[in-house]
Every structure is written in C-alpha cells, then in structure tokens.
**Student:** 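One structure is given below, represented as structure tokens, and several questions about it will come after.
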Number of protein chains: 2
Amino acid sequence: MLTVKQLQHVVAIKKAGSIQAATELACISQSALTRSLMSLEDNLGVVLFERHKTGVIPTPFCNTIIEQCQQVLHGLDDIKHNADIYRKLEEGELKIGIGRAISGLVCQNILPIFVAAYPKVKLSIIEGTPEELTLRLQQREFDFIIAGFGSYANIEQIKVSRLKSIPLSIIVNNDHPVNKLETVTWQDLLPYSLIGATKLSLSNPLYQLFEKLTKASPSLPSVMCSDYQALKNIVLTSNAWLIAPAPIFEREIVDKELTEINLSVKEMAIDLSVIELSKRQRSPMAEKFISLCEEYFCRESETRN
Amino acid sequence: MLTVKQLQHVVAIKKAGSIQAATELACISQSALTRSLMSLEDNLGVVLFERHKTGVIPTPFCNTIIEQCQQVLHGLDDIKHNADIYRKLEEGELKIGIGRAISGLVCQNILPIFVAAYPKVKLSIIEGTPEELTLRLQQREFDFIIAGFGSYANIEQIKVSRLKSIPLSIIVNNDHPVNKLETVTWQDLLPYSLIGATKLSLSNPLYQLFEKLTKASPSLPSVMCSDYQALKNIVLTSNAWLIAPAPIFEREIVDKELTEINLSVKEMAIDLSVIELSKRQRSPMAEKFISLCEEYFCRESETRN
DNA sequence: CAGGGTTACGATATTCGTAATTATA
DNA sequence: TATAATTACGAATATCGTAACCCTG
C-alpha cells in the first residue's frame, strides 16, 4: 500500500540529497525516514536511491517517477486547499507572483486601493521571470500570477483571464540619432542596445524579427532590469532604446523629457492577464483582488476611449 | 493528514451510494468505513455526505472534489504501474480497447501474427464507442486504445501515435440507382439510408455536410453495427449505402459483388492511431503489440505504393 | 423491525524516537 | 574519527473488526 507520507518522504529525500538532511524537511527522525523509504521501495519493488556514505543518489527510476509523486502531493494539496476555501479560512492571506515588465504598473496602481479596502490582509508580491513564477505557481506558492500572457501560452493546467492589452512603447532620449530620421524602422534601431525589464516573449514580433536577422535565438535585451527608474537613467545617458509599457513613462513623454518612437509596424502589446492553476479555486481574497484589477483596468480603458 | 485510504473510501462511498454498500468495494467493515469518512471530513473541515437512513448523498462540495480524489488515486496507480513495468511484471497481460469501425481490420490482421509470436500473453480486445473506450482507458482498464483519431482529438492527458490513414469507401449494391448517374454527389445519396459501424466523428466532412443540410446535429448512421458481414448483407438487399474502411470490402469490389462509389470530393479517411494515457509508460508487451501494428501497416503501405 | 449509520471497546498493526551498530571517506 | 545509513527495541498511535446502539421508513 502506497502512502502519502512515503511520497512526501521520497520527495524530501530527493530534494535534500541525503536522508539525514531530509529529516528537517520531513520533520521526522533519520531512522523513521530510512524505514519509510525502505517500505516504499519494498512496495514498488524498485530501489529508489543508491545508498552512499556521503548521502543517497536517486536511481534512474526514481527520477522518472519523482514528478508523478509531486503531482499526487499537489493534488492532495489542492483538495485540502479547496476545502479551506470552502470554509473561507484562507481569506486573510494572498500571495501573488508578478511579471517583471508590469510589476510597477500593478503595484503602484492596485496595491494602494487594495490595502485601503482590506488593510488586514497579509499580502506578498513576488516578482520573477516567467519560468520562476510558473514553477512557484505549480508549487502552490502563489494564489495566482499577474503577467503578460505571451510567455505563459504553452503551460499546461493553467487558466488565463485576460485583463487588458497594454501597449508597449519604444523610448529613447531626445537627442537620439534616430530622431533625425523621417520614418524609423526596426533596422535603424538595431545598432543600439535594447534595454527593458524582461526577456521578450516568443510571441513578440520584435523577437521574431531579431531571430530572422541574426539567424539565432536572440538573448535580448542587453540590459535587463525591472527598475524602470534605472532604465530611464540609462536611456538619458546613452543611446540605448527601451521597451516599456506605455503608461510607465506617459508623463515623461508628455513633458518631453523622453521621446517615444512610432514605428511603421503593428504595435507590440502585453496581454496583461491573471494566470491560475486550473484545479484550484480562487480564495475569496484572490477573487476580490482580481475583480479589483478588472475594475481598475476596465475603468481606465473607458476613460481612454 | 489526508491519507490514501480516505480517498479510496470516499470514492467508493460516492460510487456505491451508501456506506453499507461501499464496504464491499473498500474491503472493510462498516464501522471502519464510517470512521474513515468522518476522519476525512474532520481533516477537511467540510461535510462530504449527508447521512440519511436510506444511504448517504454527496454534498455539493463532495461533488467538486471527487474528481480530484480520483485523479490522485490514478496518479498513485500510475506510479505503481510504472514500477511494475520497471520490474517487467506486466509482460503477461494486455488489454486493448478498439474502435468499432476498424475492429475487424486490426483483429483479423494483427491478432494472428501477435498470438503466433507471443502465445502465452493473456490478451483482451474490447470494442466500444469512443466515449466508452475513453472512460475505460482513464479508469486504467486498458493498456491503450486503437481507433480512428477523429473522435479522440479533444481528450486531455492522452498521447497519440498515428499508425496509418485508412481511406473510407462508400459502397452500394451493383443495381443501386445512383450507379446510373455519370457523376455522383453527396446529394444523390441523401435519399437512401446510411449504414456503418460507428458514429461519424465530428471531423468527418460528411458529418459537417449533414449538419449543414439538415440544420441539426445529425445522428448518423441509421443502422449502426460493427459486424461488417451483416452490413454487407444489408447493402445487398437494400439501397442503403455503407461507409467502411476500404480494405474491408476490397475483395468484394474486385469481384464485382459490390460497387464502390467515387465521389467528386476529397476523400474521407480514418486516422488509425494508438491512444494512450500520457502519464503511463508502455508495458513491454504493449510496446511489442504497437510496433507490430506499426510494422504491419507500414509494410502494407509500402506494397501499395 | 429492517436497514442504514454511529459509538464502544479490545486486539492488532503501524509508525515513531532513542540509541546502539555498521561502514566508509 | 566524523558522517551517514541501518538495525533493535519499547512506546505511542492509528486502524481494525465485533458487537451493541440509535434512528427512521
């Protein structure tokens, strides 16, 4: 009979690299852990770890099933989570993963409103790359992710709610050489460094253009930093060009502190979306946060139209 | 702490409709089952079944999580299955689901070769509709399904290996009225009954044509039977027209016992495929059966080209 | 009162931690 | 000798089945 604990233990041992080290993760003594592992191996009839005096190393078979073990554990976790939701016990906490490119946009606009409305909620906002955020979502560390949809298109077992399409602007300093041209194309910008908050998603037309021009998988941008104030300073002191959500530097462009370049091609945009695990229900607080986002970005769209 | 047994028990109770009746499925006494359920409800903090004197009925919450429970149990089953594969303990048994339309084609050609090669293998071939087969595959009753891919296109968590595209023929008796026409179209056939082994898949062009003509979801064919000999007799004694894989009546057509009709539209075909659960490895015997199929249908294609 | 679920209780089985044991770098 | 896995053993815990009990159609 396979048991849940055995799966938890094998995952802990795999993660820790030794039975000794896994005792902390599993909150159990070494001897009990050893026995648990042995009974699992006995049940399966397959050895999962080679024992060495420096620790244990997983057998090839262990590597093939470890992900299945984790999925089973996650499934159990989801059941418990959904029960907690049903009892409304998770109202008071909210963990959100957020994409680098639109982090500031969401934090600066939504957070003040949310905190004003629900001051007692414990809120964690964690910024990261799509890979990091996806992993942590799958590890059930987040209630949901808010990010541009482009980089999440091929992930399984998620559901996506589109909030708003946010146009991306290309921004340079006022004295930039391309400003002297009548019409600017991508090719004119190629000699200069591209900077931005995050990697371009594969669906980005610019990514595909670079791929075609350089005949290789491009590793753009050359400076990647999610602090837009820092990026702005770089633009002001160099001829780098910056891709950023249009609202970020709206004021600077109106004030003519920075220049936005209009390219003669279709616009790029970030599909700002909520990304959730399909098997997990929203907690009441998540529901409120998301509807707040919907309300905010919807209202903003209306005032712009 | 959620346990595997609790999940098994709740699934058994849901299936049986009462705790009493579930004792057989769970191989446990009533009292133990009651306690197991109660401890699960206690762990989750949510009541899963309303107790009545005539049995128990699941609460709405129970219905929302019961599928997750089954998935967890299936996940565990897959781990065990994969371990068994690894130990090569499942060599001796093979359960195959097979689509109605191509059942004879596979059985008559592949089975003799397979049984000759592996006479000791216990082999079960179960014919069914796509719905039946899919359900039983997900219940882990089959090693895999062999069927036309069309009706399985929208199922999740399966992997598909295409074996061969098998053209479908339209067959009528030699004296059929449409034989007097120079060119035959779908419309000419509409007045007569369509018969065949299985429902047309949604991807079948004929299905879509009927849908357009009748302005309703068609329930074709009017006679559905997987015994092609019986269908042949119907064709011979009526003006019904038959859709069947071309190889089935190859001989009858060459012998001019039956007439094949060539329509002036693109051909229909069955994408003969192996359909498996994506999380389960092939057992050694499944591997051998499938490669036998690949070999057979590949060789056949070559001789035809 | 029959058919279901629940509770009581003693027996069994499992799992745990401490501590002794073994084996290598 | 220090580190890590295994084994031994008694204690604690969980689970089981039998049987008594409760309730309603």
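First the proteins, then the strands, lettered A, B, ... as listed; each starts at 1. Model, not experiment: these values are computed from the prediction.
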**Student:** Rounding to a whole Å, what distance do you find between B:M38:CE and D:dC16:P?
**Tutor:**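 Distance, rounded to whole Å: 12 Å.
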**Student:** Among pairs that include at least one residue of residues 19-29 of chain A, which meet side-chain hydrogen bond (donor to acceptor under 3.5 Å, both in side chains), considering only residues two or more places apart or in two chains?
**Tutor:**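 Residue pairs with at least one partner in residues 19-29 of chain A: A:Q20-A:Q30, A:S29-A:S31.
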**Student:** Can you work out whether A:T54 or A:Q6 has the more 5'-proximal nearest nucleotide on DNA chain C?
**Tutor:**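 This one resolves to A:Q6.
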**Student:** Which residue is it: A:L73, A:V4, A:I79? I am looking for the one with a side-chain contact (heavy atoms from CB on, under 4.5 Å) to B:V72.
**Tutor:**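 Among A:L73, A:V4, A:I79, the one that satisfies the side-chain contact (heavy atoms from CB on, under 4.5 Å) with B:V72 is A:I79.
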**Student:** To the nearest Å, give me how far apart CD (A:E24) and C1' (D:dA4) are.
**Tutor:**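 Spelled out: CD on A:E24 to C1' on D:dA4 is 15 Å.
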**Student:** I need the CG-C1' distance between B:L40 and D:dA14, as an integer number of Å.
**Tutor:**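 B:L40 atom CG is separated from D:dA14 atom C1' by 16 Å.
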**Student:** Got a salt bridge between B:R280 and B:D78, using NZ or NE/NH1/NH2 to carboxylate O under 4.0 Å?
**Tutor:**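 Looking at B:D78 together with B:R280, the answer is yes, because their closest N to O distance falls below 4.0 Å.
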**Student:** Please determine whether the number of non-hydrogen atoms from other residues, nucleotides or ligands lying under 6.0 Å from atom NZ of A:K88 exceeds 12.
**Tutor:**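 Open: at most 12 neighbouring heavy atoms sit under 6.0 Å from NZ of A:K88.
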**Student:** Is it the case that B:E50 and B:T59 place a side-chain donor and acceptor less than 3.5 Å from each other?
**Tutor:**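 The answer is no; no qualifying pair exists.
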**Student:** Does a side-chain N-to-carboxylate-O contact under 4.0 Å join B:E141 and B:K95?
**Tutor:**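 Looking at B:E141 and B:K95, the cut-off is not met.
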**Student:** Is B:I65 close to B:V10 at the side-chain level, that is, under 4.5 Å between some pair of heavy atoms?
**Tutor:**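 When only atoms from C-beta onward are counted, B:I65 and B:V10 do not touch, as no gap falls below 4.5 Å.
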**Student:** Which of residues 11-23 of chain A have a heavy atom under 4.0 Å from DNA chain C?
**Tutor:**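 Within this stretch, nothing sits under 4.0 Å of the strand.
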**Student:** What is the distance, rounded to the nearest whole Å, between atom NE2 of A:H52 and atom P of C:dA25?
**Tutor:**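 So the two atoms are 9 Å apart, to the nearest Å.
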**Student:** Return the polar atom pairs (N/O with N/O) between nucleotides 16-23 of chain C and the protein under 3.5 Å, or none.
**Tutor:**
| unit_1 | atom_1 | unit_2 | atom_2 | d |
| --- | --- | --- | --- | --- |
| C:dG17 | OP2 | A:S29 | N | 2.9 |
| C:dG17 | OP2 | A:S29 | OG | 3.1 |
| C:dG17 | N7 | A:R35 | NH2 | 3.3 |
| C:dG17 | O6 | A:R35 | NH1 | 2.7 |
| C:dG17 | O6 | A:R35 | NH2 | 3.3 |
| C:dT18 | O4 | A:S31 | OG | 2.8 |

**Student:** Rounding to an integer number of Å, can you tell me how far B:D42 CG sits from D:dA14 P?
**Tutor:**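 It is 12 Å, rounded to the nearest whole Å.
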**Student:** Any salt bridge linking A:K80 with A:D77? Criterion: basic side-chain nitrogen under 4.0 Å from a carboxylate oxygen.
**Tutor:**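 Looking at A:K80 and A:D77, the cut-off is not met.
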**Student:** To the nearest Å, give me how far apart CE (B:M1) and P (D:dT13) are.
**Tutor:**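 After rounding, the gap between these two atoms is 17 Å.
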